[in-house]
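Remarks on the structure that follows.
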Amino acid sequence: MMGLTFINAFVFGVQGNALRYLDNDTPLNQFLAGASAGAIQCVICCPMELAKTRMQLQGTGEYKSKSKTYKNSLDCLLKIHKKEGLRGINRGMVSTLLRETPSFGFYFLTYDYLTRYLSCEISDSYIIPKLLFAGGMSGIVSWLSTYPIDVIKSRLQADGVGGVNNYNGIIDCVQKSYQVEGWRVFTRGLTSTLLRAFPVNAATFATVTLFLMYMRSENNINECESGPAIQQANSM
């Protein structure tokens, strides 16, 4: 919960400023701005997801023990840092970058395309349902674009729990996972992820867009200056 607050602030802030810097609202620039936002937020996302993964594994399955190793997420990161150093709390950083960079590029590109295609104009009486649909579909496209990488990232971050390391890196993890479980391993958990992605991203994008619309109307800011925007009819 705490991590998501900072991640969303980073993502929408960086994307908006990157788009302003590129100075031309094109599909390519939407992708590049989103990709840059995805790459930068990895500094928060990677440790956050490492703690989440370790906390979820604690006390279950082969990692079951009588006493819990971690009290909470912060305690988890502190103990990992004490044992493994800075490299330990950034375990899976490369795979996180490989996932987040293109994923957020497609995320913002899809949202921009759908809001234009659906003619999401400020005066539209159906603006909220359209924004919710565009945001939800953006989340689905984002996850579909890089989900196999997420599987590998999760396995690398879970590796070493219980004192056993099974993988020597990304390629080794891919090879061993495929050899043991086949190609389906790279889609494991996809259905539940997509079921979560639609409502979460629908709410996120709609809220941010409506908030920006309100702030821009109050401060008379140009529509396409930064961040996700509701498109005017003449920009279609």
Side-chain angles (χ1 to χ4, degrees), residues 1-15 17-18 32 34-105 107 142-143 145-181 185-186 188-190 192-193 196-197 200:
M1 290 288 287
M2 290 186 294
L4 285 174
T5 302
F6 292 105
I7 284 176
N8 283 324
F10 264 73
V11 166
F12 285 97
V14 171
Q15 189 270 346
N17 281 286
L32 293 175
S36 64
I40 291 176
Q41 59 90 41
C42 285
V43 297
I44 298 176
C45 176
C46 183
M48 179 196 76
E49 293 199 357
L50 174 65
K52 178 176 72 72
T53 299
R54 296 292 178 90
M55 290 292 291
Q56 288 177 334
L57 287 173
Q58 185 172 234
T60 61
E62 61 186 288
Y63 308 114
K64 189 174 182 179
S65 60
K66 293 182 179 180
S67 60
K68 291 185 176 181
T69 306
Y70 312 119
K71 297 177 182 178
N72 50 53
S73 298
L74 180 59
D75 181 59
C76 176
L77 289 175
L78 289 173
K79 287 182 176 178
I80 292 174
H81 182 269
K82 184 177 181 180
K83 183 179 179 180
E84 304 175 48
L86 190 61
R87 185 174 182 177
I89 63 173
N90 285 294
R91 180 187 292 268
M93 178 62 80
V94 175
S95 54
T96 301
L97 277 167
L98 291 174
R99 182 194 71 178
E100 298 293 84
T101 303
S103 175
F104 274 95
Y107 187 54
S142 172
W143 275 107
S145 67
T146 57
Y147 190 77
I149 302 176
D150 180 69
V151 173
I152 299 304
K153 178 202 71 70
S154 296
R155 292 193 167 211
L156 289 172
Q157 290 185 326
D159 195 36
V161 176
V164 180
N165 289 95
N166 297 312
Y167 310 118
N168 294 319
I170 296 175
I171 295 177
D172 184 56
C173 181
V174 171
Q175 292 175 337
K176 288 181 178 177
S177 297
Y178 178 76
Q179 289 172 359
V180 175
E181 302 172 65
V185 68
F186 302 113
R188 179 170 293 176
L190 178 60
S192 58
T193 299
R196 178 195 66 183
V200 168

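- Taking CG of D172 as the start and CD1 of I170 as the end, the distance is 11.0 Å to the nearest 0.5 Å.
- Note that the NZ atom of K79 and the CD1 atom of I89 stand 15.5 Å from one another [nearest 0.5 Å].
- Nearest approach of G38 to E100, heavy atoms of both residues: O-CB, 3.5 Å.
- For the residue pair T101 and L97, the shortest heavy atom distance occurs at OG1-O, 2.8 Å.
- Within the 3.5 Å criterion, the main-chain N or O of S154 finds no donor-acceptor partner in the side chain of Q157.
- With hydrogens and angles disregarded, no donor-acceptor distance shorter than 3.5 Å links the side chain of Y107 to the backbone of P102.
- Note that the CG atom of L77 and the NZ atom of K82 stand 15.0 Å from one another [nearest 0.5 Å].
- The backbone N or O of C42 sits nowhere less than 3.5 Å from a side-chain atom of T96 that would complete a donor-acceptor pair.
- Summarising the geometry of L156 relative to S95, their closest heavy-atom pair is CD1-OG, 4.1 Å, with the distance given to 0.1 Å.
- Residues V174 and F186 meet the side-chain proximity criterion, which asks for heavy atoms closer than 4.5 Å.
- Nearest heavy atoms, S145 versus S103: OG-CA, 3.8 Å.
- Between the side chain of N165 and the backbone N or O of Y167 there is no donor-acceptor pair closer than 3.5 Å.
- For R99, the salt bridge (charged side-chain N to carboxylate O under 4.0 Å, His left out) partners are E49, D150, not counting sequence neighbours.
- One finds the CE atom of M55 at 8.0 Å from the CG atom of D75 (value rounded to the nearest 0.5 Å).
- Atom-to-atom distance recorded for N90:CG and C46:SG is 5.5 Å, nearest 0.5 angstrom.
- Shown here is F10, whose CZ atom has no more than 12 heavy atoms of other residues, nucleotides or ligands within 6.0 Å.
- The closest side-chain heavy-atom distance from S177 to V151 is not below 4.5 Å.
- Of all heavy-atom pairs spanning K153 and G92, the tightest one is CG-O, 4.1 Å.
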Residues R91, R87; criterion side chain to side chain contact (heavy atoms under 4.5 Å, CB included); working and verdict:
CA-CA 6 Å; R91 180 187 292 268; R87 185 174 182 177; over 6 Å; no

Going through the checks in order, is the side chain to side chain contact (heavy atoms under 4.5 Å, CB included) test met by Q15 and S36?
CA-CA 7 Å; Q15 189 270 346; S36 64; over 6 Å; no

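- Residues that satisfy the salt bridge (charged side-chain N to carboxylate O under 4.0 Å, His left out) test with R54, not counting sequence neighbours, are absent from this structure.
- Screening T53, N166, V185 for a side chain to side chain contact (heavy atoms under 4.5 Å, CB included) involving R155 leaves a single residue, V185.
- To the nearest 0.5 Å, atoms CG (N168) and SG (C173) are separated by 10.5 Å.
- Counting all heavy atoms, side chain and backbone alike, Q41 lies closest to I7 at OE1-CG2, 3.3 Å.
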The test is side chain to side chain contact (heavy atoms under 4.5 Å, CB included); show your working for L98 and T146 and say whether it passes.
CA-CA 8 Å; L98 291 174; T146 57; over 6 Å; no

